[in-house]
Amino acid sequence: MSAAVASAPDPPPAQIGKRHFIRCLACHSTSASARPMTGPHLEGIVGRQAASLPDFAYSETLRAQDFIWDEARLDAFLESPHTVNPGMCLTFMGLPKPADRAALIAYLKAPAP
Ligand code: HEC
């Protein structure tokens with residue numbers, strides 16, 4: 001029994017990423033059906049056009065930009081939010097470790113319950 005526990009595999013990245021999403025929870029949900037929050041919901045964010053939710057009042061700055069949130073964009077933003085997108089996600093200071101960013105992106109792609 002204890003041997004089985006000792007050799008248990010690492011949790012999947014999305015589960016680790018869910019822990020990092022704690023930094024986003026105050027302002028974001030991962031579900032389009034969640035109640036409105038300070039930030040836009042992040043359902044389907046990987047591959048989503050920036051500032052594209054019709055019901056969210058985005059800043060002029062983000063609305064003026066034309067790009068898709070692919071993994072590379074998200075990774076750059078998550079590493080250094082305020083150099084990449086100044087004024088967005090104000091209290092989020094960044095995730096310096098690449099593995100943490102990869103786990104969070106895995107979670108955003110497939111939010112585990
Ligand atoms: C203090 C509140 C706050 C926190 C914390 C926060 N955000 Fe945000 N986020 C916002 C707001 C507000 C916007 C809209 C910004 C704009 O319109 O310029 C936004 C926008 C975004 C967008 C762009 C969405 C789109 O539709 O283009 C992404 C992606 C995003 N946040 C990811 C995150 C992630 C991931 C975290 C956690 C690591 C996080 N945010 C933490 C408030 C927050």
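Throughout, numbering of the chain's residues begins at 1 and tracks the sequence.
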(message) Going by salt bridge (Lys or Arg N to Asp or Glu O under 4.0 Å), name the residues that satisfy it together with Asp70, two or more places apart in sequence or in a different chain.
(response) none
(message) Can you give me the closest heavy-atom contact between Ile68 and Arg73, atom names plus distance?
(response) O-CG, 3.4 Å
(request) Run through the side-chain heavy atoms of Ile, Leu, Val, Met, Phe, Trp and Tyr, join any pair under 4.5 Å, and report what else lands in Leu90's cluster. (result) none
(request) Any chance you could measure Glu43, atom CD, to His28, atom NE2, to the nearest 0.5 Å? (result) 14.5 Å
(request) Please name the pair of heavy atoms, one in Pro40 and one in Arg48, separated by the smallest distance, quoted to 0.1 Å. (result) CB-NH2, 4.2 Å
(request) Could you list who else is in Tyr107's hydrophobic cluster, with ILVMFWY side chains joined at under 4.5 Å, directly or through other members? (result) Phe21, Leu25, Leu42, Ile45, Val46, Leu53, Phe56, Tyr58, Leu62, Phe67, Trp69, Leu74, Phe77, Leu78, Val84, Met88, Phe92, Leu95, Leu104, Ile105, Leu108
(request) Kindly write out the residues that satisfy salt bridge (Lys or Arg N to Asp or Glu O under 4.0 Å) with Arg23, not counting sequence neighbours, or none if the list is empty. (result) none
(request) Identify, with sequence neighbours excluded, every residue that meets salt bridge (Lys or Arg N to Asp or Glu O under 4.0 Å) alongside Glu79. (result) Arg101
(request) Please report the shortest heavy-atom distance between Ala106 and Pro13, naming the atom on each side. (result) CB-CB, 3.9 Å
(request) Assess whether side chain to side chain donor-acceptor pair (under 3.5 Å) is satisfied between Ser31 and Ser33, documenting all intermediate values. (result) CA-CA 5 Å; Ser31 164; Ser33 53; 2.9 Å; yes
(request) Identify the heavy atoms of Cys89 and His82 that sit nearest to each other, and give their distance. (result) O-CE1, 3.4 Å
(message) The criterion is salt bridge (Lys or Arg N to Asp or Glu O under 4.0 Å); which residues satisfy it with Arg63, sequence neighbours excluded?
(response) Glu60
(message) I need the minimum non-hydrogen distance between Ala26 and Thr38, along with the two atoms involved.
(response) O-OG1, 4.4 Å
(request) Kindly give the heavy-atom pair with the smallest separation between Ile16 and Pro11, and that separation in Å. (result) CD1-O, 3.7 Å
